[in-house]
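Note sheet for the following structure.
Chain identifiers are assigned alphabetically (A, B, ...) following the order of the sequence lines, protein sequences preceding nucleic acid strands; residue numbering begins at 1 within each chain.
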Amino acid sequence: MDSAPPSLFSPVPLPCSFFEPSARIVAPNLLGHWLLRRTPDGSWAGGEIVETEAYLADDPACHGFRGETARNRSMFGPSGRAYVYFIYGNYFCFNTVCARPGVAEAVLIRAIAPTFNSAWMRKNRPVKHDRELTSGPAKLCLALGIERALDGVELVSLPSEVIVAANPNRKQFVRKNGPITATARIGISTAVDLSLRFLLGGNEFVSRRHR
DNA sequence: TAAGTGATGCAT
DNA sequence: TGCATCACTTAA
């Protein structure tokens, strides 16, 4: 099904309009679509998004809640771009920017299935089992080589280093791994009661400890 | 369960 | 300028 040779694979990026609604809407809609990273040989690595979190403009847990800074600038830009930030002195996390310019909303990608070019991802992040490869927000950034240089890049344009592409078989993927469930978000200390984490509980690559 | 890691942002 | 905090991971 999803195992076509990466070099023959021509993904179609999701359109800008996909990311224009509130992150609350976009976050569940992203489940089952593809997060893809261009590799040095021009092929694609990545896989199906299986866990997301929405961060909203009026949400104290959102990095943009207290206004624009150098760090969160991309969140205030147009939708369909990446917001990549550095955290805990070691790691990067990857978001898709949503809503219109000036409105700081984004979707944190917390886990993907390592469907395409997992050999390349394992070079970036050596692990015993594929299960550990991309089952967390910083894990997938390591596996895909996502770092600060990719902050702000267009996710809707094929020449980009990172894109979010339409999975033509999304419906089947969601049916097989779903239903989509919503829970509280992970690792935050404010707005802990909001149900803005979305996941496909039947998929083994959902982040481990918080299934 | 806790330590590691350093940028970030707000208080001083 | 200083310091608490942090949308995490790993080793134990």
Side-chain angles (χ1 to χ4, degrees), chain A residues 19 22-31 35 37 49-77 79 81-99 103-114 118 121-153 155 162 164 180-200 204-211:
Chain A
F19 298 96
S22 168
R24 183 197 294 280
I25 306 299
V26 177
N29 287 350
L30 276 171
L31 297 174
L35 176 61
R37 168 68 152 115
I49 296 167
V50 297
E51 179 180 347
T52 60
E53 282 178 0
Y55 287 87
L56 309 178
D58 62 352
D59 160 18
C62 178
H63 288 171
F65 181 68
R66 286 158 204 86
E68 183 174 333
T69 67
R71 178 211 207 188
N72 65 24
R73 184 145 301 143
S74 324
M75 285 191 93
F76 287 82
S79 53
R81 295 187 182 176
Y83 167 48
V84 178
Y85 66 88
F86 187 63
I87 189 75
Y88 293 116
N90 274 312
Y91 303 108
F92 291 97
C93 291
F94 172 87
N95 298 249
T96 67
V97 175
C98 298
V103 178
E105 299 210 353
V107 176
L108 172 69
I109 308 301
R110 288 196 55 91
I112 68 172
S118 63
M121 292 190 272
R122 272 200 308 275
K123 275 200 299 186
N124 295 326
R125 176 177 156 76
V127 289
K128 269 211 202 85
H129 303 105
D130 273 2
R131 186 163 195 143
E132 310 160 46
L133 194 49
T134 53
S135 53
K139 294 177 183 177
L140 70 90
C141 283
L142 285 166
L144 294 177
I146 293 175
E147 48 194 3
R148 204 194 312 278
L150 295 174
D151 183 39
V153 304
L155 303 171
V162 189
V164 179
I180 295 174
T181 54
T183 74
R185 294 171 294 182
I186 304 301
I188 55 172
S189 54
T190 57
V192 292
D193 51 324
L194 298 180
S195 237
L196 291 173
R197 174 178 177 240
F198 303 91
L199 58 98
L200 295 169
E204 63 172 321
F205 300 104
V206 165
S207 65
R208 209 79 176 88
R209 292 164 44 194
H210 307 104
R211 185 80 70 115

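When rounded to the nearest whole Å, the span between CG of A:L133 and P of C:dT10 equals 11 Å. Between A:F198 atom CZ and C:dA7 atom C1' the separation is 15 Å, expressed in whole Å. Per the geometry, CG belonging to A:N90 stands 10 Å off P belonging to C:dT10, to the nearest Å. Remark: P of B:dT5 and OH of A:Y85 are 20 Å apart, rounded to the nearest angstrom. Atom CD in A:E51 sits roughly 13 Å away from atom C1' in C:dC8 (whole-Å rounding). A:I146 has its CD1 atom 15 Å from the P atom of C:dC8, to the nearest Å. Rounded to whole angstrom, the span from the NZ atom of A:K139 across to the C1' atom of C:dA7 amounts to 15 Å. One atom, CZ of A:F92, and another, P of B:dA7, lie 10 Å apart when rounded to the nearest Å.
Applying the Watson-Crick and G-U wobble criteria (two distances, each under 3.5 Å), B:dT1 pairs with C:dA11. With a cut-off of 3.5 Å on both pairing distances, the Watson-Crick or G-U wobble partner of C:dT1 is B:dA11.
Note on A:S189: a side-chain N or O is less than 4.0 Å away from OP1 or OP2 of C:dC6. Remark: A:R148 is not in phosphate contact with B:dA7, judged by side-chain N or O atoms under 4.0 Å from OP1 or OP2.
Taking only side-chain atoms of A:R125, from C-beta outward, the nucleotide of C:dT10, B:dG4, C:dC6 with the closest atom is C:dT10.
Using a cutoff of 4.0 Å between basic side-chain nitrogens and carboxylate oxygens, A:R185 and A:E53 are not scored as salt-bridged. Salt-bridge annotation for A:K139 and A:E132: absent, with no side-chain N of the basic residue lying under 4.0 Å from a carboxylate O of the acidic one.
Between A:R66 and A:F86, the one whose closest nucleotide on DNA chain B sits nearer the 5' end is A:F86. Residue whose closest nucleotide on DNA chain C sits further toward the 5' end, between A:L108 and A:E132: A:L108.
Contact annotation for A:R71: backbone-only contact, meaning every heavy-atom pair under 4.0 Å involves sugar-phosphate atoms and none involves a base. Counting non-hydrogen atoms under 4.0 angstrom, A:A61 reaches a base of the nucleic acid.
Contact of the A:F92 side chain with the A:L144 side chain is not registered, since no non-hydrogen atoms from C-beta on lie closer than 4.5 Å. The side-chain heavy atoms of A:L133 and A:S118, taken from C-beta on, include a pair separated by under 4.5 Å.
Taking only distance into account, the side chain of A:Y88 never meets the base of B:dA7 through a donor-acceptor pair shorter than 3.5 Å.
A donor and an acceptor atom, one from each side chain of A:R81 and A:S74, are nowhere located under 3.5 Å apart.
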